[in-house]
Amino acid sequence: MKHIYIIDYLGVHCGMHYYLEAFKAQIKKIAGVHVQLLSNFSDDGNPPFFFNQYNGRLPAKLSSLLRNIINLRKFVRNNPDGLYIYLTYGNRFDPLFIMLLINVDHIIDIHEAIAQNLDKNKILKNIYSRLYSKKIRKVISHSGRTDDFLREFHYQGLTLKVPHFRYVFPKNYNKEHIANDIKSSFSKDRINLLFFGNVNESKGIDILLKAFNILPASVAEKSNIIIAGKDFDGKCHEVIPATGRNVNMILRHINDDELVYAYTHADIVCLPYRKTSQSGILEMAFYFQKPILASDIPYFREVLKEFPSFGKLACGTPDGYSSALCEFIENFNTADFFKTEDYDRYTHRKAMDTFLDDFRKQL
C-alpha cells in the first residue's frame with residue numbers, strides 16, 4: 001500500500017481544511033493508497049500534526065513554526081517511502097518546509113507560486129526560482145497565473161493540472177455556534193452581498209466599498225453588504241461607507257457553522273480581486289450555488305468562460321465594478337443562474353478524471 005501525506009500548515013487558520021478534505025476524498029478513489037493529512041486539525045481521530053503557528057504573540061508563533069519544522073523533519077526521516085504533497089502559498093517560510101522534502105518523493109501543490117503581497121520581493125523570488133528550477137520535480141497547478149510563474153522560474157519538471165477540488169463537507173449548521181453579529185448582518189428584505197475570507201490588498205475590498213458608495217441610491221437601498229473574515233492590515237477601514245449604505249463588517253475568525261450560515265443566506269458572492277492563482281471562496285460559492293460578481297482577471301475569466309451561468313465579470317475599478325454591481329442587483333430576481341447543463345459539467349469535470357489518471361502514474 002502506498003502512503004500519501006498531504007501537508008498544510010494553514011488548515012483551520014483560514015479554511016484550508018475544506019480543501020484538504022476535498023483533496024483527500026479525491027485521492028482515496030485510487031485503489032491501494034492510504035491518505036493522511038498533516039495539518040493543524042484532527043484527521044481521522046488523530047491529533048493535529050502541526051501547531052497553529054498563527055496563534056498567540058510573536059514568540060509563540062516563532063516557537064510553533066520551529067516545532068512544526070522539527071516535527072516534519074522527524075516525520076519525513078521516519079517515513080521516507082511515502083509520497084508527500086505539500087501545499088505552498090509562496091510565503092517566506094515555505095522554503096524551510098519544502099527543503100525537508102527534496103530528497104523524498106514529493107509534489108508541490110501551488111496555491112500561490114509567490115505570496116500575492118510579496119510579488120515585488122526580489123530576494124524571495126530568487127529563492128523560489130532556484131527551488132523550482134533546480135530542486136522541485138513535480139507540481140500541481142490550478143491556473144494560468146501559476147503556469148506563468150513556473151515559466152518565469154524556469155521550471156522543467158512535471159506539471160499536473162487540476163481545478164480547485166470540489167468541496168464535500170455537509171451544508172447544515174448548528175445555530176448555537178453562530179454569533180449574533182453574523183445572524184444580524186443578513187437582511188431578509190435586501191439582496192445580501194457577501195465578501196468572505198481574509199482581507200488583504202489583493203482581494204480588492206477597497207474596490208468593493210468604493211463601488212458600493214457610488215451605486216445609485218435606489219439600487220443601494222435594495223442591497224446589503226456583509227464582510228466576514230480577518231482584516232490583518234486594516235484595509236476594511238480605508239474606505240468609509242457612505243451615509244445610508246448597509247455595510248456589516250465581522251472582522252474576525254469565522255467558524256465552520258458561521259461559514260455555512262453565511263453562504264446559505266448570501267445572494268451574491270463578491271470577488272473584486274486584483275489578482276489570484278485560484279480561489280477557494282469562488283469554489284465555495286459554487287458549492288452553495290451562489291452567483292459571483294468577479295473582477296475580470298485571468299483565473300475568474302477562465303472559470304466563467306467554462307461555466308457562464310455561475311456569475312458575471314466586472315471591470316476591476318470602482319466605477320466598473322459599481323456599474324456591473326448595479327446591473328447584477330437590478331436583474332437579480334429574473335436572472336437564470338447555475339443552469340443545469342453548466343452545473344452538471346461542473347460536478348463531473350473531466351479535468352478531475354484526467355488529474356487522477358496522471359496522479360496515479362506517479363505512485
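For clarity, every value in this text was computed on a predicted model and none was experimentally measured.
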Kindly compute the distance separating OG (Ser185) from CE (Met249), expressed to the nearest 0.5 Å.
12.0 Å

Between Phe75 and Phe49, ring centroids under 6.0 Å
yes

Could Asp206 and Arg274 be called an ion pair, given the rule that one side-chain N must be under 4.0 Å from one carboxylate O?
yes

Any side-chain donor paired with an acceptor under 3.5 Å for Ser202 and Asn200?
yes

Would you confirm whether Thr354, through its side chain, and Lys350, through its main-chain N or O, come within 3.5 Å as a donor-acceptor pair?
yes

Kindly give the heavy-atom pair with the smallest separation between Asn40 and Gly11, and that separation in Å.
OD1-CA, 3.3 Å

So does Glu221 get a backbone contact from the side chain of Arg190, meaning a donor-acceptor N/O pair under 3.5 Å?
yes

Sort out for me which residue in Leu101, Leu96, Ile102, Leu100 forms a side-chain contact (heavy atoms from CB on, under 4.5 Å) with Ile98.
Ile102

Are the side chain of Glu258 and the backbone of Asn255 linked by a donor-acceptor contact shorter than 3.5 Å?
yes

Strictly under 6.0 Å, is that where the ring centroids of Phe23 and Tyr18 end up?
no

Quick check: are there more than 12 heavy atoms from other residues, nucleotides or ligands sitting under 6.0 Å from NZ of Lys2?
yes

When rounded to the nearest 0.5 angstrom, what distance separates CG in Leu209 from NE2 in His237?
10.5 Å

Hydrophobic clusters join Ile, Leu, Val, Met, Phe, Trp and Tyr when side-chain heavy atoms are under 4.5 Å apart, directly or via other members; which others share one with Leu58?
Leu62

Interatomic distance, Glu201 atom CD to Lys235 atom NZ [nearest 0.5 angstrom]
4.5 Å

Could you tell me if the ring centre of Tyr5 sits under 6.0 Å from that of Tyr86?
no

Does the ring centre of Phe337 sit less than 6.0 Å away from the ring centre of Phe310?
no

Which heavy atom of Phe286 sits nearest a heavy atom of Val303, and at what distance?
CE1-CG1, 3.5 Å

Test salt bridge (charged side-chain N to carboxylate O under 4.0 Å, His left out) on Arg151 and Asp148; report intermediate values, then the result.
CA-CA 5 Å; Arg151 282 190 289 271; Asp148 290 342; 2.3 Å; yes

Measuring from atom CG of Leu282 to atom CZ of Phe300, what distance do you get when rounded to the nearest 0.5 angstrom?
6.0 Å

Which atom names give the shortest non-hydrogen contact between Ala242 and Asn213, and what distance separates them?
N-OD1, 2.7 Å

I'd like to know whether the aromatic ring centres of His177 and Tyr173 sit less than 6.0 Å apart in this structure.
no

May I ask you to decide if Lys122's main-chain N or O and Asn126's side chain share a donor-acceptor pair within less than 3.5 Å?
yes

Do Tyr128 and Glu152 pair up side chain to side chain, a donor and an acceptor below 3.5 Å, judged on atom types alone?
no

Shortest non-hydrogen contact from Ala314 toward Tyr321:
CB-CD1, 3.6 Å

Is it true that Tyr263 and Phe196 have ring centroids separated by less than 6.0 Å?
yes

Is a side-chain donor or acceptor of Thr334 paired with a backbone partner of Asn331 at a separation under 3.5 angstrom?
yes

Counting distance only, does the side-chain N/O of Asp43 pair as donor-acceptor with the main-chain N or O of Leu37 below 3.5 Å?
yes

So, using salt bridge (charged side-chain N to carboxylate O under 4.0 Å, His left out) as the criterion, who are the partners of Asp353 when residues are at least two apart?
none

What do you reckon, are the aromatic ring centroids of His111 and Tyr19 less than 6.0 Å apart?
yes

Could you pull out all residues at least two apart from Lys28 that satisfy side-chain hydrogen bond (donor to acceptor under 3.5 Å, both in side chains)?
none

Which heavy atom in Asn192 sits nearest to a heavy atom in His265, and how many Å separate them?
ND2-O, 3.7 Å

Report yes if the distance between the aromatic ring centroids of Phe169 and Tyr287 is under 6.0 Å, otherwise no.
yes

Verify the distance criterion only: is there a donor paired with an acceptor across the side chains of His13 and Asn55 at less than 3.5 Å?
no

Main-chain N/O of Ser223 paired with Asn246 side-chain donor or acceptor, under 3.5 Å
yes

Without swapping roles, check the side chain of Ser295 against the backbone of Tyr273 for a donor-acceptor pair under 3.5 Å.
yes

For Lys339, does its backbone N or O pair with a side-chain atom of Ser309 as donor and acceptor, under 3.5 Å?
yes

Is it the case that the side chains of Asp257 and Asn174 hold a donor-acceptor pair, with the cut-off being a distance below 3.5 Å and no angle test?
no

Answer with yes or no after comparing the ring centroid distance for Tyr89 and Tyr9 against a 6.0 Å cut-off, counting only values under it.
yes

Would Asp8 and His17 count as a side chain to side chain donor-acceptor pair (under 3.5 Å) here? Give the steps.
CA-CA 9 Å; Asp8 180 78; His17 56 305; over 6 Å; no

